[in-house]
**Student:** 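Please see the structure below; I have some questions.
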Amino acid sequence: MFVNVQGAKIHYSDAGHGVPTLFLHGIPDSGTVWEDVTRVVSASYRCIVPDLPGFGQSAVPAGFQVTLEGMAEFIDAFLGAVGISEPVNLVVHDIGGPFGLAWAVRHPEKVSSVTIMNTVFQSEYRWHRYGRICRMPILGELLHLFMPQSGLARSMHANSGAIKPSREHISATYRGFSGSVRKMVLRVYRGLDPEIFQTWDAQLRALAANVPSLVMWGDRDTYIDSRYAERFGAQKVKHFPQCGHWPMVEIPDVISRNLLKHFSEAACEFQAVTANRLASSPC
């Protein structure tokens with residue numbers, strides 16, 4: 001289905017009932033990368049999964065800026081467009097991290113819980129080789145112009161763990177890696193210099209200390225070193241030594257179980273806090 005956000009058609013899926021749970025994908029993916037997880041989680045929660053601007057079937061709003069402020073504004077506008085006014089469980093991966101975590105920093109009152117997987121929000125991070133090439137004028141364009149499916153397959157295999165993505169998954173990912181998506185990838189890498197996270201990451205750590213927060217990290221990721229898993233200030237960190245960059249694809253059952261447990265604990269914590277506030281209120 002589609003919704004108009006900031007003047008652009010944004011594609012998203014919406015399944016299940018209960019506490020709204022927002023899943024944000026990375027590069028070169030679309031919202032479909034979460035399907036094996038949301039198939040399970042949607043039995044208990046409302047799973048809302050957009051294609052981010054310029055990815056999948058989504059257009060790019062005319063005034064969209066590849067900045068943390070611009071990303072936060074887009075997510076807030078998207079949630080408003082689909083009628084979400086209550087706090088959400090936020091789940092982010094890869095470039096979905098800057099989108100979702102920037103939004104969470106700007107709107108902490110709208111966050112019920114945070115789950116972070118293999119993403120970046122630290123100023124000391126330096127882009128991996130693919131990201132560095134994408135940031136270079138002409139070379140970035142040439143890389144994407146001549147990238148064959150075999151090149152994407154090699155990259156995905158190298159950054160996966162013991163369980164490699166299927167041939168069908170790689171083919172579907174490559175089919176979705178259209179010319180417009182490749183242009184958006186260049187915009188994202190060129191717009192996000194890690195230095196811009198300098199003040200934001202401290203605000204994120206403060207948020208993570210105050211709302212239920214979980215990091216689930218595939219340690220065989222060569223894009224982002226596993227030491228960054230500890231840098232978000234999350235209350236819980238889980239490492240998966242045999243997993244790579246795409247935990248939701250490689251071990252979806254494990255990720256689903258952990259998400260359901262995390263969301264349940266977050267709901268119990270919210271109920272306890274609410275009960276304490278009511279008990280301490282004057283009659």
**Student:** For the NE2 atom on His239, are there more than 12 heavy atoms of other groups (residues, nucleotides or ligands in this structure) within a distance under 6.0 Å?
**Tutor:** yes
**Student:** Near Ile138 CD1, under 6.0 Å, is it more than 12 heavy atoms from other residues, nucleotides or ligands?
**Tutor:** no
**Student:** Quick one: do Arg257 and Asp253 make a salt bridge, cutoff under 4.0 Å?
**Tutor:** no
**Student:** Calculate, to the nearest 0.5 Å, the distance between atoms NZ and CE belonging to Lys164 and Met156 respectively.
**Tutor:** 11.0 Å
**Student:** Say you draw a straight line from CZ of Arg182 to CZ of Phe55; how long is it, rounded to the nearest 0.5 Å?
**Tutor:** 12.5 Å
**Student:** Charged N to carboxylate O below 4.0 Å: is that the case for Glu124 and Arg231?
**Tutor:** yes
**Student:** Between Lys236 and Glu265, does at least one N-O distance fall below 4.0 Å, as a salt bridge requires?
**Tutor:** yes
**Student:** Any idea which heavy atoms bring Ser171 and Gln149 closest together, and the distance?
**Tutor:** OG-NE2, 3.1 Å
**Student:** Between Met117 and Pro247, what is the shortest heavy-atom contact and its length?
**Tutor:** SD-CB, 4.0 Å
**Student:** Rounded at 0.5 Å granularity, tell me how far OG in Ser264 sits from NE2 in His262.
**Tutor:** 11.0 Å
**Student:** Could you report the tightest heavy-atom contact between Arg39 and Asp36, atom names first, then the distance?
**Tutor:** NH1-OD1, 2.8 Å
**Student:** Parallel, tilted or perpendicular: which fits the ring planes of Tyr130 and His128, with parallel below 30° and perpendicular above 60°?
**Tutor:** parallel
**Student:** Where do Thr119 and Phe232 come nearest, in terms of heavy atoms and distance?
**Tutor:** O-CZ, 3.5 Å
**Student:** Within the 4.5 Å heavy-atom criterion, are Pro98 and Val120 side-chain neighbours or not?
**Tutor:** no
**Student:** Please report the shortest heavy-atom distance between Leu207 and Pro108, naming the atom on each side.
**Tutor:** CD1-CB, 3.6 Å
**Student:** How about Asp29 and Trp246: does a side-chain donor come under 3.5 Å of a side-chain acceptor?
**Tutor:** yes
**Student:** According to the interplanar angle, ranging from 0 to 90°, do the rings of Phe197 and Phe121 count as parallel (below 30°), tilted (30 to 60°) or perpendicular (above 60°)?
**Tutor:** tilted
**Student:** Quick check on the 6.0 Å ring-centre criterion: do Tyr189 and Trp127 meet it?
**Tutor:** yes
**Student:** Are Glu141 and Arg135 within salt-bridge range, i.e. N to O under 4.0 Å?
**Tutor:** no
**Student:** Under a 3.5 Å distance rule, please check whether Ser58 uses its side chain to pair with a backbone N or O of Gly54 as donor and acceptor.
**Tutor:** no
**Student:** Step by step, work out the side chain to side chain contact (heavy atoms under 4.5 Å, CB included) result for Asn159 and Arg220.
**Tutor:** CA-CA 7 Å; Asn159 280 281; Arg220 289 196 184 183; over 6 Å; no
**Student:** To the nearest 0.5 Å, how far apart are CG in Asp221 and OG in Ser226?
**Tutor:** 9.0 Å
**Student:** Are Phe177 and His144 close enough that their ring centres sit under 6.0 Å apart?
**Tutor:** yes
**Student:** Does atom CD of Glu195 have more than 12 heavy-atom neighbours, drawn from other residues, nucleotides or ligands, at distances under 6.0 Å?
**Tutor:** no
**Student:** Take Ser150 and Tyr174 through the test side-chain hydrogen bond (donor to acceptor under 3.5 Å, both in side chains) and record every step on the way to the result.
**Tutor:** CA-CA 9 Å; Ser150 59; Tyr174 190 77; over 6 Å; no
**Student:** About how many Å separate SG of Cys47 and CG of Leu259, when rounded to the nearest 0.5 Å?
**Tutor:** 9.0 Å
**Student:** Would Asn258 and Lys238 satisfy side-chain hydrogen bond (donor to acceptor under 3.5 Å, both in side chains), going step by step from the backbone distance to the final call?
**Tutor:** CA-CA 10 Å; Asn258 278 276; Lys238 293 191 176 185; 2.4 Å; yes
**Student:** Where does the angle between the aromatic ring planes of His93 and His245 fall among parallel (under 30°), tilted (30 to 60°) and perpendicular (over 60°)?
**Tutor:** tilted
**Student:** Can you spot which of Asn118, Leu24, Thr115 makes a side chain to side chain contact (heavy atoms under 4.5 Å, CB included) with Val92?
**Tutor:** Leu24
**Student:** Is it true that Glu69 and Arg106 make a salt bridge, defined as a side-chain N closer than 4.0 Å to a carboxylate O?
**Tutor:** yes
**Student:** For Asn89 and Thr21, does a side-chain donor sit closer than 3.5 Å to a side-chain acceptor?
**Tutor:** yes
**Student:** Where does the angle between the aromatic ring planes of Phe78 and Phe74 fall among parallel (under 30°), tilted (30 to 60°) and perpendicular (over 60°)?
**Tutor:** parallel
**Student:** Just how far is it from atom CG of Leu90 to atom OG of Ser112, taken to the nearest 0.5 Å?
**Tutor:** 10.5 Å
**Student:** What's the shortest heavy-atom distance between Ala234 and Ser213, and which atoms?
**Tutor:** CA-OG, 3.4 Å
